[in-house]
Amino acid sequence: MAEDSGDSIARLRPGTLVLVATPIGNLGDLSPRAREVLREADLLLAEDTRHTAQLLRACGVQRTQGSIESLHEHNERERVPGVIERLRAGATVALASDAGTPLMSDPGAALVNAAASAGIEVIAVPGPCAAIAALSVAALPAARFAFEGFLPARPTARRDVLRALVGEARTLVFYEAPHRLHETLDDLAGIFGAERPAAVARELTKRFETVYRGTLGTLAQQAASDADMSRGEIVLVVQGAASEAGIDDAEAERVLHILLEAVPVSQAARIAAQITGRARKELYERALRLRPQS
Ligand code: SAM
């Protein structure tokens, strides 16, 4: 049971920065409190002013205060000092991104850091977030998770990030561009192993909302044959490394070192996969890096 309704903006103290979550698709998800803050804040900062103005219109929110100003990844640093000055002068400032929760793969971090350092009150009007929505419907362990945001677009950099995550025991949550879904699932299956359970959540809260559940191997195959799977906005949820294996990167490399003394790379990877329960492809790539240079 909620502690108290606290639903009135009248409770907002002057000089407060408010991070406002907005819908990730379904406009019905804009909370009454978010609506009130978007209407009443002295200054509304938006990632894209036209986009937010459209949202306000669609949700029937008429701003009683001045205009909407932009704050996005390209102007955030230069805008921060001016916004902090206005907060210090007592303005209530709301920050909204194009969709979901500010700072979740969206702008706002520099402003929040500066406000916190200046002793300014920072509060959240919580609400939609694609990562959390996907995690809650994925049917994978949700008690402990790591949000990884977007993976690098370049394959080499992406694979490096995935290799560093291969032993992570927590459930992993990624944002992914639809045109990269297939290749990312292929990389994930190759590096984490095709048997690792995962889910692809697309178009959450929207008309074509679909959750695909399976293993990385089956999902990669499905992405290759089902064009719909790569349409729209996508969150990828991947179960963490099996804790019962208890084999971390250091231990896997210790096993590989021993094997590489005696057998070629491919054989070392195959045997190490049997010993550790980890993906052969991932071990093969590790072994290539570890093998003694002649
Ligand atoms: N701040 C947002 C949030 O709280 O979810 C995320 C912004 S990030 C720039 C945009 C990415 O979030 C998309 O590329 C997609 O990966 C994910 N996303 C946003 N809306 C989504 C939706 N309705 N369904 C699935 N994924 C979504």
Side-chain angles (χ1 to χ4, degrees), residues 17-31 33-34 37-38 44-52 54-55 58-59 70-76 94-112 122-140 142 145-154 158 161-162 171-185 187-188 198-213 219 222-223 226-238:
L17 172 62
V18 193
L19 308 170
V20 185
T22 55
I24 56 170
N26 190 320
L27 297 182
D29 294 336
L30 186 74
S31 74
R33 189 164 164 242
V37 173
L38 292 175
L44 172 53
L45 294 171
E47 185 181 5
D48 178 335
T49 53
R50 278 174 307 181
H51 183 101
T52 298
Q54 218 173 3
L55 169 77
C59 295
S70 75
L71 185 131
H72 48 69
E73 59 173 330
H74 303 296
N75 73 0
E76 179 167 2
L95 172 67
S97 55
D98 283 353
T101 300
L103 277 83
M104 299 297 291
S105 295
D106 268 343
L111 178 59
V112 170
V122 183
I123 65 169
V125 175
C129 174
I132 299 299
L135 188 64
S136 61
V137 297
L140 294 171
F145 67 94
F147 173 60
E148 286 292 321
F150 287 98
L151 285 163
R154 281 183 33 248
R158 180 172 62 234
V161 170
L162 293 180
T171 296
L172 293 159
V173 183
F174 302 97
Y175 286 160
E176 190 50 287
H179 62 276
R180 275 197 290 273
L181 177 67
H182 182 209
E183 62 189 65
T184 295
L185 282 168
D187 282 350
L188 278 161
V200 172
R202 74 176 267 264
E203 294 289 89
L204 291 164
T205 79
K206 304 191 216 178
R207 181 162 171 220
F208 295 109
E209 172 166 12
T210 319
V211 182
Y212 304 82
R213 302 181 184 90
L219 290 168
Q222 195 171 354
D226 177 354
D228 283 344
M229 194 171 169
S230 315
R231 288 207 175 100
E233 298 195 279
I234 286 166
V235 184
L236 248 164
V237 186
V238 183

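Below, each value reflects all heavy atoms present in this structure, side chains not excepted, and no hydrogens, waters or symmetry copies. All ligand and atom numbering here is 1-based and tracks the order in the structure.
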G100 to ligand 1: N or O pair under 3.5 Å? no
For the pair S230 (side chain) and L181 (backbone), establish whether a donor and an acceptor sit closer than 3.5 Å, ignoring hydrogens and angles. no
Of the protein's non-hydrogen atoms, which lies at the shortest distance from atom 13 (C) of ligand 1, and what is that distance? E233 OE2, 3.6 Å
Minimum-distance protein heavy atom relative to atom 15 (C) of ligand 1: I234 O, 3.4 Å
Hey, mind stepping through I234 and Y175 against side-chain contact (heavy atoms from CB on, under 4.5 Å) and telling me if it holds? CA-CA 6 Å; I234 286 166; Y175 286 160; over 6 Å; no
Please report whether ligand 1 has a polar contact with T101, defined as an N or O pair separated by less than 3.5 Å (distance criterion only). yes
Could an N or O of ligand 1 be found under 3.5 Å from any N or O of S105, whether backbone or side chain? no
Measure across A223 and L185 and return the closest heavy-atom pair with its distance rounded to 0.1 Å. CB-CD1, 3.9 Å
Near C129, which atoms of ligand 1 are under 4.0 Å from a heavy atom of that residue? 4 (O), 5 (O)
Gap between atom OG1 of T22 and atom CG of D106 - 0.5 Å precision: 8.5 Å
Identity and distance of the protein heavy atom lying nearest atom 26 (N) of ligand 1: V235 CG2, 3.3 Å
Would T210 and D228 count as a side chain to side chain donor-acceptor pair (under 3.5 Å) here? Give the steps. CA-CA 10 Å; T210 319; D228 283 344; over 6 Å; no
Any N/O of M104 closer than 3.5 Å to an N/O of ligand 1? yes
So is F150 close enough to ligand 1, meaning a heavy atom under 4.0 angstrom away? yes
Check A134 against V237 and note the closest heavy-atom contact, atom names and distance. CB-CG2, 3.9 Å
Whether E203 side chain and F208 backbone form a donor-acceptor pair below 3.5 Å: no
Polar atom proximity, I24 to ligand 1 (N or O, under 3.5 Å): yes
Looking at every non-hydrogen atom in both residues, tell me the closest pair between A227 and R231 and how far apart they are. O-CG, 3.6 Å
Which residue supplies the protein heavy atom nearest to atom 22 (C) of ligand 1, what is that atom called, and how far is it? L204 N, 3.6 Å
Check ligand 1 against K206 and write out every atom of the ligand that is under 4.0 Å from a heavy-atom position of the residue. 23 (N)
For ligand 1, find out whether one of its N or O atoms is nearer than 3.5 Å to an N or O atom of R202. no
Using a 4.0 Å cut-off to any heavy atom of A130, which atoms of ligand 1 qualify? 3 (C), 4 (O), 5 (O), 17 (C), 18 (N), 19 (C), 20 (N), 21 (C), 26 (N), 27 (C)
Sub-3.5 Å donor-acceptor pair from the side chain of T171 to the main-chain atoms of A146, do we have one? no
Ligand-side contact atoms (ligand 1) for residue partner E203, heavy atom cut-off under 4.0 Å: 23 (N), 24 (N), 25 (C)
For L19 and T101, what are the C-alpha separation, side-chain angles and deciding distance, and is it a side-chain contact (heavy atoms from CB on, under 4.5 Å)? CA-CA 8 Å; L19 308 170; T101 300; over 6 Å; no
Of the backbone atoms (N, CA, C, O) and the side-chain heavy atoms from C-beta on, which set of A99 has a member under 4.0 Å from an atom of ligand 1: side chain, backbone, both, or neither? backbone
Is a donor on one side and an acceptor on the other found under 3.5 Å between the side chain of E76 and the backbone of L111? yes
Nearest-neighbour protein heavy atom for atom 1 (N) of ligand 1, which is reported as residue plus atom name and distance: D106 OD2, 2.7 Å
Distance col, row R180:CZ vs R158:CZ, nearest 0.5 angstrom, shows 7.0 Å
Polar-atom distance check: A131 versus ligand 1, any N or O pair below 3.5 Å? no
Within the structure, is a non-hydrogen atom of T205 found at a distance of less than 4.0 Å from ligand 1? no
With a 3.5 Å distance limit and no angle check, can you tell me whether R33 reaches the backbone of P126 through a side-chain donor-acceptor pair? no
Nearest to atom 3 (C) of ligand 1, what protein heavy atom do you find, and at what distance? Y175 OH, 3.4 Å
Show me which atoms of ligand 1 lie under 4.0 Å from any heavy atom of E176. 16 (O)
